[in-house]
There are 4 protein chains.
Amino acid sequence: MFRINPQSPDPIFQQLASQVMEAVARGQLKEGDKLPSVRELARETTVNPNTVVKAYDTLERDGVIYRRRGAGCFITGKTTNLALPERRKRLAKLMEKAVNDGIYLGFDGPALLAALEEQIKKNRKQSS
Amino acid sequence: MFRINPQSPDPIFQQLASQVMEAVARGQLKEGDKLPSVRELARETTVNPNTVVKAYDTLERDGVIYRRRGAGCFITGKTTNLALPERRKRLAKLMEKAVNDGIYLGFDGPALLAALEEQIKKNRKQSS
Amino acid sequence: MFRINPQSPDPIFQQLASQVMEAVARGQLKEGDKLPSVRELARETTVNPNTVVKAYDTLERDGVIYRRRGAGCFITGKTTNLALPERRKRLAKLMEKAVNDGIYLGFDGPALLAALEEQIKKNRKQSS
Amino acid sequence: MFRINPQSPDPIFQQLASQVMEAVARGQLKEGDKLPSVRELARETTVNPNTVVKAYDTLERDGVIYRRRGAGCFITGKTTNLALPERRKRLAKLMEKAVNDGIYLGFDGPALLAALEEQIKKNRKQSS
DNA sequence: GTGGTCTAGACCACG
DNA sequence: GTGGTCTAGACCACT
């Protein structure tokens with residue numbers, strides 16, 4: 001279920017967290033569903049257990065999962081507990097970076113939009 | 001002419017390099033044009049000279065500028081040294097990250113596209 | 001494994017980069033091999049960590065190594081990113097300088113060739 | 001008579017000095033011959049007069065020319081006043097750098113020798 | 001004045 | 001522990 005790409009500019013913990021978040025948004029993971037244990041997920045994805053811990057920390061901080069001592073991690077059903085303004089702000093920063101980097105590569109606005117659209121489509125396919 | 005945003009997720013040297021690249025792409029800087037000296041640009045932007053050096057290093061290795069000791073830094077006229085396939089590859093990676101992170105924030109495809117478009121517009125305003 | 005000569009006309013970061021490049025060319029370093037960490041190499045060679053960083057920067061931009069944050073620096077297996085014509089061009093420039101300076105010292109063609117040959121032999125010894 | 005290449009890694013003053021030295025070695029300039037004035041040479045080659053001054057300084061220091069106040073610069077007839085051991089030492093350093101840089105470009109010993117030979121031939125043609 | 005290199009030491013993010 | 005960025009300040013060579 002999890003695909004990680006060590007070559008991605010995105011940190012590994014972020015890739016994991018993002019995929020959990022996405023599964024929730026799609027309804028593939030629902031409230032109360034149990035996530036794999038840290039060790040299990042680390043083995044499956046061959047990443048450092050500390051990295052999985054950090055992904056789960058991030059998800060817990062953002063209200064996507066909750067932990068029950070000795071039992072494991074479970075889906076809350078929410079996709080985030082950040083307020084919309086904060087989320088928008090972060091999205092803006094993120095896209096600012098994308099625009100900046102894209103321009104540095106010598107692309108213009110329409111080319112950037114096309115590239116983003118392609119990735120969105122690609123993402124949809126991989127997850128289904 | 002140069003504006004830097006210390007709060008940006010993009011490193012300062014990248015912001016500087018990106019702005020030079022952009023000016024070349026727009027035709028505001030042409031082959032043979034002289035860039036501000038390292039010290040001058042450092043003074044103007046109140047960043048450390050070494051940071052400017054790093055920006056210029058980046059631009060030189062990417063074939064955008066060339067340097068002459070004792071004389072200064074000059075525009076080559078090229079916007080990049082990289083072949084198109086390599087540039088496309090990097091752009092794809094870049095957008096993969098944007099999609100990944102945007103989804104984590106709980107946004108969907110259309111929302112991401114809208115956010116990117118907004119940043120592109122904003123960027124256009126700032127540069128003119 | 002690394003030897004640096006502070007008296008050399010070559011900058012230290014170049015000497016380091018050159019030695020890594022050479023080890024790859026000889027097959028002593030292979031794809032996926034891990035390089036010493038920045039701090040470790042700095043300690044071993046008693047140069048400043050920033051100088052090692054610059055050497056690694058050079059190697060990365062030339063496609064000889066890739067870096068993973070928190071993990072380390074690894075050999076790509078390539079000895080250079082540059083196309084052969086570009087490499088030839090640079091070699092020609094380099095030798096133009098050698099001829100120019102050698103003549104200034106009052107040597108003629110055969111003397112220059114002999115001197116180059118001697119350095120090549122010396123280099124071979126040091127690396128083995 | 002003078003050809004300068006601003007793109008060369010060799011500093012301009014060095015290129016000028018080298019060409020004077022070479023002309024002496026070939027007998028094209030003889031004892032007592034007068035060199036162009038600083039201003040004249042600067043105009044001809046479109047370099048900074050200070051750069052010409054530095055070239056003449058270098059030649060004077062090395063015993064190749066002498067100055068007569070108000071009259072100009074003249075050839076001594078010697079090609080250098082450095083002792084042979086010092087000249088050999090400098091040549092060795094110079095070639096060490098060439099080997100180092102050449103290897104970094106991914107070339108081996110025979111390729112370096114071939115490239116040097118080619119430059120020597122090229123130099124002979126240009127000067128005649 | 002220009003760029004080029006190096007040292008020293010700080011703070012941050014990732015595994 | 002790893003790499004990434006930045007500041008501060010020094011010394012050198014070239015125009």
Side-chain angles (χ1 to χ4, degrees), chain A residues 4 6 8-16 42 45-55 57-58, chain B residues 4 6 8-16 34-42 45-58 60 65-74, chain C residues 4 6 8-16 34-42 45-58 60 65-74, chain D residues 4 6 8-16 42 45-55 57-58:
Chain A
I4 70 132
S8 168
D10 235 25
I12 294 172
F13 85 90
Q14 186 57 272
Q15 297 181 43
L16 290 175
T45 53
T46 66
V47 305
N48 190 306
N50 285 335
T51 305
V52 178
V53 168
K54 188 162 188 181
D57 281 350
T58 305
Chain B
I4 70 143
S8 166
D10 258 22
I12 294 173
F13 82 91
Q14 256 292 4
Q15 297 180 44
L16 291 174
K34 191 173 179 308
L35 286 177
S37 80
V38 168
R39 289 159 175 87
E40 190 186 339
L41 185 48
T45 54
T46 66
V47 305
N48 187 288
N50 284 335
T51 304
V52 177
V53 166
K54 191 166 183 183
Y56 283 7
D57 277 349
T58 305
E60 188 181 38
I65 68 171
Y66 62 92
R67 301 197 238 209
R68 282 180 36 207
R69 228 174 357 196
C73 296
F74 305 87
Chain C
I4 70 141
S8 167
D10 257 23
I12 294 174
F13 81 91
Q14 256 292 3
Q15 296 181 43
L16 291 175
K34 191 172 180 306
L35 286 176
S37 79
V38 169
R39 289 158 174 89
E40 190 185 339
L41 185 49
T45 53
T46 65
V47 305
N48 188 288
N50 283 335
T51 303
V52 177
V53 166
K54 192 165 183 183
Y56 282 8
D57 277 349
T58 304
E60 187 180 38
I65 67 171
Y66 61 92
R67 301 198 238 207
R68 281 177 39 205
R69 227 174 357 198
C73 296
F74 305 87
Chain D
I4 70 132
S8 168
D10 235 25
I12 293 171
F13 84 91
Q14 186 57 272
Q15 296 181 42
L16 290 174
T45 53
T46 66
V47 305
N48 189 305
N50 286 335
T51 304
V52 178
V53 168
K54 188 162 188 181
D57 280 350
T58 305

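Within every chain, numbering begins at 1; the chains are lettered A, B, ... in the order of the sequence lines, protein sequences first and strands thereafter. Heavy atoms only: backbone and side chains are in, while hydrogens, waters and symmetry mates are out.
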*asked:* Strictly under 4.0 angstrom, non-hydrogen atoms only: write out the protein contact profile of nucleotides 6-15 of chain F, one letter per nucleotide from the 5' end, B, S or -.
replied: BBBB----BS
*asked:* In this structure, how many angstroms lie between the C1' atom of dA13(E) and the CD atom of Q15(A), rounded?
replied: 15 Å
*Find the distance L41(B):CG to dG1(E):C1' and express it as a whole number of Å.*
16 Å
*Can you tell me how far P of dT5(E) sits from OH of Y56(B), to the nearest Å?*
16 Å
*Measure across P49(A) and A42(A) and return the closest heavy-atom pair with its distance rounded to 0.1 Å.*
CA-CB, 3.8 Å
*asked:* Both G72(C) and V53(C) contact DNA chain F. Taking the nearest nucleotide for each, which residue is further toward the 5' end?
replied: G72(C)
*Only pairs at least two apart or in different chains count here, so list each side chain to side chain donor-acceptor pair (under 3.5 Å) that has a residue in residues 46-58 of chain C.*
D57(C)-R67(C)
*Mind calculating the distance between CZ (R67(C)) and P (dG15(E)) to the nearest angstrom?*
16 Å
*Quantified as the angle between the terminal helix axes (five pairs each), what is the overall bend of the helix from dG1(E)-dC14(F) to dC14(E)-dG1(F) to 10 degrees?*
10°
*Flag the pair V52(A) / L16(A) as yes when at least one side-chain heavy-atom distance between them is below 4.5 Å, and no otherwise.*
yes
*Heavy-atom closest pair, residues F74(C) and R68(C)*: CE1-CB, 4.5 Å
Under 3.5 Å, which donor-acceptor pairs do the side chains of residues 8-15 of chain A form with other protein atoms, sequence neighbours left out?
{"from": "S8(A)", "atom 1": "OG", "to": "D10(A)", "atom 2": "N", "distance (Å)": "2.9"}
{"from": "D10(A)", "atom 1": "OD1", "to": "K97(B)", "atom 2": "NZ", "distance (Å)": "2.5"}
{"from": "D10(A)", "atom 1": "OD2", "to": "N100(B)", "atom 2": "ND2", "distance (Å)": "3.0"}
{"from": "Q15(A)", "atom 1": "OE1", "to": "N5(A)", "atom 2": "N", "distance (Å)": "2.9"}
{"from": "Q15(A)", "atom 1": "NE2", "to": "N5(A)", "atom 2": "O", "distance (Å)": "3.0"}
{"from": "Q15(A)", "atom 1": "NE2", "to": "D10(A)", "atom 2": "O", "distance (Å)": "2.9"}

*Measure the distance from OH on Y66(C) to P on dT2(F) and round it to the nearest whole Å.*
17 Å
*Taking CG from D57(B) and P from dG3(E), how many angstroms apart are they, rounded to a whole number?*
12 Å
